[in-house]
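As structure tokens, the structure follows; a few thoughts come after it.
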Amino acid sequence: MRRPACFISTGSVLIDLPLHVSHVPHSGRAVTATSTGPAVGGGFTVVSAVARQGLPAALAATLGTGPNSALVRAAMMHDGVELLVEELVGDIGTCTTLIETGGRRTFITTEGVEAEPQLEDLNRLELQEGDWVYATGYDLVHPTSSAVLLSWLLELPEGVGLVIDLGPVEPDLPDEVLVPLLARTTLLTGNHLEMTRLVARLGSPGALRQACPRALIVRRTGVHGCELWPVGSERIEVPGFAREVVDTTGAGDTHTGVLVSGLMDGLDVVAAARRANAAAGEAVARIGPARSPRRDEIDALIAQHDATQ
């Protein structure tokens, strides 16, 4: 019997330590922070968002044997996320995030076994038509993971969707990585600044479309929602759900996870993006790393919003 389609994330998982500060101190100076404590973040946020919509979701990113990895396994069990690859001896790293008033973030990251994907593990995955694979620029620019991931992603079977979020490290990706990756991408997503930089690098919006001939291109625009550019169509503005911004950590990943979930459910791109906008709007209004609202919560958010229009 054919199994249901699955969302599979290769994004490295880290333990987030969010620190809310009034400002980032100059070198040698100090600042007092408040924190909600450590939380599972990195590549977990997007796969958790899919699982919280009630769809099959799995992690194909390396975990270790230490206490940080144990926190990840507990979060996976809570959200119903499956682990598809073998663990390595050691532990995953951490990401300390300085969050200024207004939501601007500065990251300090340590690394561990999450930077060591194993090609034999990835090659053992039994992918099928309708599955979606997710990868990030962070892993594609890292010296120990880039070659492994790129070779595997470029050989994905036809009918398997590839979601790419290049993030702020796109300028560090060499053309020999970026060009073939974009050509294979099914859904390219980034925030306004990231997509603007990518367009400038390629030369024009038309050059971006030519580089991604099969991709739905998504420009996330924060409280304004997102802009969609489907293949063979004009760009479409999908309005956001205005909320007070408390913490933007993981909001983009929440948006991506819920957007892909909608596509997996058979929604059209606008309907899927509207659900993603609602989920991201709710995520930024909560303190701490983003955890996507569940399917019924998104339904309620949209119904409440529509009732006031």
Side-chain angles (χ1 to χ4, degrees), residues 1-13 42-63 72-73 76-77 79-88 113-140 142 144-167 177-189 212-218 231 253 256-267 269 272 276 292:
M1 179 181 294
R2 180 185 174 91
R3 63 167 173 78
C6 183
F7 180 91
I8 300 157
S9 173
T10 65
S12 295
V13 178
F44 181 72
T45 305
V46 66
V47 73
S48 168
V50 176
R52 291 167 76 87
Q53 308 316 303
L55 296 175
L59 190 65
T62 306
L63 298 181
V72 178
R73 290 189 184 87
M76 292 172 65
M77 184 175 297
D79 283 348
V81 176
E82 183 181 359
L83 181 63
L84 300 181
V85 296
E86 297 295 327
E87 67 183 21
L88 296 180
V113 299
E114 78 284 349
E116 303 175 31
Q118 305 297 300
L119 185 58
E120 56 269 30
D121 283 346
L122 297 174
N123 284 335
R124 280 197 293 266
L125 301 184
E126 297 181 358
L127 302 176
Q128 67 180 32
E129 184 176 356
D131 288 340
W132 289 80
V133 171
Y134 170 86
T136 74
Y138 290 108
D139 295 308
L140 288 161
H142 195 282
T144 63
S145 57
S146 177
V148 170
L149 279 179
L150 184 65
S151 64
W152 183 72
L153 293 173
L154 295 182
E155 295 297 325
L156 290 176
E158 286 298 319
V160 172
L162 175 58
V163 184
I164 296 294
D165 187 340
L166 296 174
V177 173
L178 181 65
V179 171
L181 186 69
L182 292 180
R184 177 57 181 86
T185 298
T186 315
L187 191 157
L188 177 68
T189 184
C212 307
R214 63 171 84 183
L216 168 64
I217 300 172
V218 181
V231 176
D253 290 343
T256 300
V258 175
L259 173 61
V260 177
S261 296
L263 299 177
M264 293 173 70
D265 277 336
L267 298 181
V269 293
S292 171

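Please read all numbers here as calculations on a predicted model, not as lab measurements.
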(message) Among I164, L153, V163, exactly one meets side-chain contact (heavy atoms from CB on, under 4.5 Å) together with V133. Which residue is that?
(response) L153
(request) Find the distance between CH2 (W132) and CG (L263) and round it off to the nearest 0.5 Å. (result) 5.0 Å
(request) Taking the side chain as every heavy atom from C-beta outward, state whether E82 and P56 have any pair of such atoms under 4.5 Å apart. (result) no
(message) Testing the basics here: between A51 and V81, what is the closest heavy-atom pair and its distance to 0.1 Å?
(response) CB-CG2, 3.8 Å
(request) Rounded to the nearest 0.5 Å, what's the gap from OG1 on T62 to CG on L122? Could you check? (result) 7.5 Å
(message) For a 4.5 angstrom cut-off between non-hydrogen side-chain atoms, does V218 reach V269?
(response) no
(request) Could you check if a side-chain atom of D165 sits within less than 4.5 angstrom of a side-chain atom of D253, using non-hydrogen atoms only? (result) yes
(request) Considering non-hydrogen atoms only, spot the tightest contact between S9 and V47 and give its length. (result) CB-CB, 4.0 Å
(request) Quick one: closest heavy-atom pair of V177 and S146, and the distance? (result) CG2-OG, 4.3 Å
(message) The test is side chain to side chain contact (heavy atoms under 4.5 Å, CB included); show your working for L259 and T189 and say whether it passes.
(response) CA-CA 10 Å; L259 173 61; T189 184; 5.8 Å; no
(request) Return yes if some donor-acceptor pair links the side-chain N/O of D79 with the main-chain N/O of S48 below 3.5 Å, else return no. (result) no
(message) Just so I know, are the side chains of D139 and P117 near enough to count as touching, which here means a heavy-atom distance under 4.5 Å?
(response) no
(message) Surrounding CD of E120 (heavy atoms of other residues, nucleotides or ligands, distance under 6.0 Å), is the total greater than 12?
(response) yes
(request) Search all heavy atoms of I8 against all heavy atoms of L127 and return the closest pair with its distance. (result) CD1-CD2, 3.3 Å
(request) Would you give the length of the straight line joining atom OG1 of T185 to atom CG of L166, rounded to the nearest 0.5 angstrom? (result) 7.5 Å
(request) State, yes or no, whether a side-chain contact exists between L150 and R184 at a heavy-atom distance under 4.5 Å. (result) no
(message) Is it the case that the side chain of Q53 and the backbone of A49 share a donor-acceptor pair, with hydrogens and angles ignored and the cut-off at 3.5 Å?
(response) yes
(message) With side chain to side chain contact (heavy atoms under 4.5 Å, CB included) as the criterion, how do V13 and M76 come out once you've worked through the C-alpha distance, each side chain's angles and the decisive distance to 0.1 Å?
(response) CA-CA 11 Å; V13 178; M76 292 172 65; over 6 Å; no
(request) For S151 and L119, work out which heavy atoms get closest and say how close. (result) OG-CD1, 4.1 Å
(message) Is there a side-chain contact between E86 and Q118 in this structure, where contact means two heavy atoms from C-beta onward sitting under 4.5 Å apart?
(response) no
(message) Using 0.5 Å steps for rounding, measure from the OG atom of S261 to the CZ atom of R52.
(response) 12.0 Å
(message) side chain to side chain contact (heavy atoms under 4.5 Å, CB included), that's the test. Do E114 and H142 meet it? Break it down for me.
(response) CA-CA 11 Å; E114 78 284 349; H142 195 282; over 6 Å; no
(request) Nearest 0.5 Å please: distance from the OH atom of Y134 over to the CG atom of L162. (result) 11.0 Å
(message) With rounding to the nearest 0.5 angstrom, report the CD to CZ distance, E158 to R214.
(response) 5.0 Å
